[in-house]
Amino acid sequence: MASSASLMVLALLMASIAAIAEARAFFIFGDSLVDSGNNNYLETTARADSPPYGIDYPTGRPTGRFSNGLNIPDLIGKQIGLSESPLPYLSPDFNGKKLLLGANFASAGVGILNDTGVQFVNILRMYRQLELFEEYKRRLSGLVGTRQANRVVNQALVLITVGGNDFVNNYYLVPFSARSRQYSLPDYVRFLISEYRKLLMKLYKAGARRVLVTGTGPLGCVPAELAMRGNNGGCSQELQRAASLYNPQLVQMINGLNDKIGRDVFISANTEKMHNDFVSDPQAFGFTTSEIACCGQGPYNGLGLCTQLSNLCPNRDLYAFWDPFHPSEKANKLIVEQIMTGSNEYMNPTNLSTIIAFDSKI
């Protein structure tokens with residue numbers, strides 16, 4: 001027979017599970033822009049688990065986030081009232097009550113296509129992230145029962161950020177890449193959008209009912225591309241063309257999916273415009289530069305990886321880019337501000353604050 005003390009412990013555990021369950025869970029899928037450390041547990045070169053990554057993170061230590069501090073999932077998590085960010089799914093600490101907060105399945109280097117990022121070898125490609133989501137749902141059912149597990153998933157917010165690597169680490173990775181020989185750029189974009197549509201439908205079938213989908217940033221204007229492909233300090237026109245073809249078709253595809261489903265499951269964030277605002281006028285946002293990375297080497301600090309041997313700026317808030325590819329924490333904050341409260345120019349059909357307010361009334 002159970003003692004009163006053990007019954008009290010059990011009651012407290014169930015009460016805390018119920019309290020966490022009241023908060024909205026948050027699931028994250030995608031690439032290095034949203035990876036919070038899954039790649040730390042994989043044999044891959046696509047990792048951010050050594051200094052100076054994490055220099056401005058609350059612990060001051062690298063976590064696997066491709067940022068000097070907080071990344072986009074951290075900042076959205078705070079906005080939706082989470083007490084802490086969902087853990088990387090592969091983290092050994094991901095168990096028990098942590099499951100109720102959601103989970104981060106993202107993995108640096110991945111794309112929509114399975115052949116994107118092959119040079120990174122062992123990463124969680126999108127099909128694998130979705131398999132792990134199914135595994136997560138089984139684990140959650142074991143914790144709270146199938147009915148409650150389905151409720152957690154249905155009521156959760158989902159973020160998916162993927163697509164940039166399909167250009168940078170696939171189509172344009174090397175001259176005459178296999179995909180660039182197979183497809184013209186407009187045909188490749190159409191192919192990517194059709195494959196992405198299948199991924200989004202799989203998420204919907206897995207129970208996701210509120211999915212925030214980000215476009216690509218201004219691919220040709222990141223420090224890495226300025227260093228490798230830029231024209232006399234200008235952005236890479238070819239990669240800018242890729243982004244300008246891809247992003248409008250992504251919005252169109254999302255609108256079509258919502259029409260087919262009969263409700264606004266998918267919300268598109270125009271991250272290209274969000275980035276372009278501070279890339280074209282960095283001073284207006286308090287940056288001294290949107291061309292030079294804070295951490296790196298070579299022209300624009302855009303070559304190679306950010307390591308302890310790299311140039312490192314003393315004030316990260318003055319730089320739109322932290323490393324050759326990734327925004328600084330301050331730039332991430334500006335992006336999340338627009339996701340939360342931006343006009344229809346930035347968010348379609350509406351911003352996340354409006355969605356959350358609407359959902360709270362249901």
Side-chain angles (χ1 to χ4, degrees), residues 13 16-44 46-50 53-54 56-110 122-126 128-144 148-149 151-162 203 206-208 210-212 214 326 329 332 336:
L13 178 66
S16 66
I17 284 177
I20 295 169
E22 283 308 302
R24 191 172 204 164
F26 186 24
F27 300 108
I28 301 104
F29 299 87
D31 59 25
S32 59
L33 290 164
V34 292
D35 181 356
S36 293
N38 278 312
N39 281 22
N40 295 358
Y41 308 100
L42 299 169
E43 291 294 326
T44 178
R47 55 202 309 129
D49 58 348
S50 54
Y53 284 96
D56 299 309
Y57 191 73
T59 59
R61 299 162 66 92
T63 59
R65 290 164 173 79
F66 286 74
S67 172
N68 57 300
L70 301 176
N71 64 8
I72 286 170
D74 294 322
L75 297 164
I76 291 176
K78 281 176 184 266
Q79 292 285 348
I80 65 171
L82 288 184
S83 55
E84 57 188 281
S85 288
L87 284 175
Y89 187 74
L90 299 183
S91 166
D93 298 326
F94 185 67
N95 50 49
K97 288 188 298 183
K98 301 276 187 196
L99 273 72
L100 288 157
L101 294 167
N104 189 320
F105 301 92
S107 178
V110 304
N122 187 17
I123 50 181
L124 301 177
R125 303 190 190 284
M126 288 310 302
R128 184 66 185 136
Q129 291 185 31
L130 291 170
E131 283 175 0
L132 292 174
F133 186 41
E134 291 300 330
E135 182 182 287
Y136 161 84
K137 283 158 58 184
R138 289 191 293 275
R139 288 175 65 185
L140 185 63
S141 294
L143 183 70
V144 296
Q148 175 65 5
R151 189 165 159 251
V152 167
V153 170
N154 290 160
Q155 293 180 354
L157 176 67
V158 177
L159 169 66
I160 182 164
T161 295
V162 70
L203 264 180
R210 281 291 187 211
V211 184
L212 178 60
T214 64
H326 303 97
E329 178 184 282
N332 283 334
V336 170

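We number each residue from 1, following the sequence as shown.
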Notebook entry, point to check: Do V162 and V34 come within less than 4.5 Å of each other through their side chains, counting heavy atoms only?
Noted result: no
Next item on the list: Taking all non-hydrogen atoms of both residues into account, name the closest pair between E135 and Y89 and its distance.
Entry: OE2-OH, 2.7 Å
Item checked: Nearest atoms (heavy-atom pairs only) where L99 meets L140 -> CD2-N, 3.8 Å
Next item on the list: Kindly determine whether K98 and D93 satisfy side-chain contact (heavy atoms from CB on, under 4.5 Å), including the steps that lead there.
Entry: CA-CA 8 Å; K98 301 276 187 196; D93 298 326; 5.6 Å; no
Item checked: Any donor-acceptor N/O pair, R61 side chain to D49 backbone, under 3.5 Å -> no
Note to self: Could you tell me if the side chain of L212 sits less than 4.5 Å from the side chain of V158, heavy atoms only?
What the structure shows: no
Next item on the list: Write down the atom of V110, the atom of Q129, and the distance for their closest heavy-atom approach.
Entry: CG2-NE2, 3.7 Å
Note to self: My understanding is that only residues two or more places apart in sequence, or in another chain, count here; which of them pass side chain to side chain donor-acceptor pair (under 3.5 Å) with D74?
What the structure shows: R65, S85
Next item on the list: Answer whether the closest heavy-atom distance between the side chains of T63 and P88 falls below 4.5 Å.
Entry: no
Checklist line | Exam field: side chain K137 to backbone A206, donor-acceptor pair closer than 3.5 Å | finding: yes
Item checked: Nearest-0.5 Å distance, CG of residue L90 to CG of residue N38 -> 4.0 Å
Check: I123 versus R128: any side-chain heavy-atom pair under 4.5 Å?
Finding: no
Margin query: What's the separation between atom CG in L101 and atom CZ in F94, rounded to the nearest 0.5 Å?
Written below: 8.5 Å
Check: Can any side-chain N or O of N122 pair as donor or acceptor with the backbone N or O of L42 at less than 3.5 Å?
Finding: no
Notebook entry, point to check: How many angstroms lie between atom CG of N40 and atom OG of S50, to the nearest 0.5 angstrom?
Noted result: 9.5 Å
Note to self: Nearest 0.5 Å, please: how far is CG in N104 from CG in N71?
What the structure shows: 7.5 Å
Check: For F26, what residues pass the ring-ring contact (aromatic ring centres under 6.0 Å, His included) criterion, not counting sequence neighbours?
Finding: none
Note to self: How long is the straight-line distance from OG1 of T214 back to CD1 of I72, given to the nearest 0.5 Å?
What the structure shows: 7.0 Å
Item checked: Gap separating the CG atom of D56 from the CG atom of L70, nearest 0.5 angstrom -> 9.0 Å
Note to self: Given 3.5 Å as the limit, does a donor-acceptor pair link the side chain of R24 with the main chain of Q155, or not?
What the structure shows: yes
Check: What's the shortest heavy-atom distance between G102 and P86, and which atoms?
Finding: C-CB, 3.8 Å
Note to self: For a side-chain contact (heavy atoms from CB on, under 4.5 Å) check, start with the C-alpha distance between N154 and R210, then their side-chain angles and the critical distance, and finish with the verdict.
What the structure shows: CA-CA 8 Å; N154 290 160; R210 281 291 187 211; over 6 Å; no
Check: Within the distance-only criterion (no hydrogens, no angle test), does the side chain of N68 pair as donor or acceptor with the backbone N or O of Y53 below 3.5 angstrom?
Finding: no
Margin query: Holding to ring-ring contact (aromatic ring centres under 6.0 Å, His included), I want the full list of residues that pass it with F133, two or more places apart in sequence or in another chain.
Written below: F27, F29, F105
Item checked: Minimal non-hydrogen separation, L33 against P73, with atom names -> O-CD, 4.3 Å
Margin query: Could you check whether N39 and S107, counting side-chain N and O atoms only, form a donor-acceptor pair closer than 3.5 Å?
Written below: yes
Margin query: Within the 3.5 Å criterion, strictly below it, is a donor on Y57 or E329 matched to an acceptor on the partner's side chain?
Written below: no
Check: Looking at S141 and A149, what are the two nearest heavy atoms and their distance?
Finding: OG-CB, 3.5 Å
Item checked: Distance-only side-chain donor-acceptor flag, S32 / H326, under 3.5 Å -> yes
